[in-house]
*Asks:* 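Below is a structure I'd like to ask you about.
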Amino acid sequence: MILICFALYALFSGGPGNLQWLYPNELFPTDIRGSAMGVAMAVSRIGTVVSIYILPGFIARQGMGATMIAGAIISAVGFVVSLVWAPETRGHDLSETSAPQFKGR
């Protein structure tokens with residue numbers, strides 16, 4: 001079961017990883033897009049480094065099962081936040097999606 005879960009994670013994690021580069025580019029206005037993407041990538045990298053140091057201790061204290069459940073909860077929260085707050089950009093021009101008043105959907 002664990003191998004199946006990790007295989008599914010590996011299969012589906014490519015999409016969100018690519019969205020990290022594409023989706024914010026569609027939302028930031030052209031005049032701040034480069035700086036905003038720099039900040040977004042920096043925060044992402046800092047989160048990655050912090051998680052690398054926290055994960056082994058969490059596994060040692062809580063066990064593998066609790067770690068996997070925590071990871072699933074974090075992913076579910078991210079999914080719900082994206083559904084609720086992230087505007088849909090499909091079918092819209094870049095000039096539309098990067099406008100401050102764009103609401104999507």
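Index from 1, following the sequence.
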*Asks:* Suppose we screen for side-chain contact (heavy atoms from CB on, under 4.5 Å). Which residues come up paired with I4, at least two apart in sequence or across chains?
*Replies:*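 Counting only residues at least two positions away or on another chain, I4 forms a side-chain contact (heavy atoms from CB on, under 4.5 Å) with L8.
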
*Asks:* Donor-acceptor pairs under 3.5 Å, side chain of residues 49-71 to any protein atom, not counting sequence neighbours: which ones?
*Replies:*
| residue | atom | partner | partner atom | Å |
| --- | --- | --- | --- | --- |
| S51 | OG | G47 | O | 3.3 |
| S51 | OG | T48 | O | 2.8 |
| R61 | NH1 | G57 | O | 3.3 |
| T67 | OG1 | G63 | O | 2.7 |

*Asks:* List the atom pairs, donor and acceptor, that lie under 3.5 Å between side-chain atoms in residues 27-43 and the rest of the protein, sequence neighbours left out.
*Replies:*
| residue | atom | partner | partner atom | Å |
| --- | --- | --- | --- | --- |
| T30 | OG1 | R33 | NH2 | 3.4 |
| R33 | NE | N25 | O | 2.9 |
| R33 | NE | F28 | O | 3.1 |
| R33 | NH2 | F28 | O | 2.9 |

*Asks:* Can you list the residues that meet the side-chain contact (heavy atoms from CB on, under 4.5 Å) rule with V77, with sequence neighbours excluded?
*Replies:* I73, V81

*Asks:* Sequence neighbours excluded, which residues qualify as side chain to side chain donor-acceptor pair (under 3.5 Å) partners of S75?
*Replies:* none

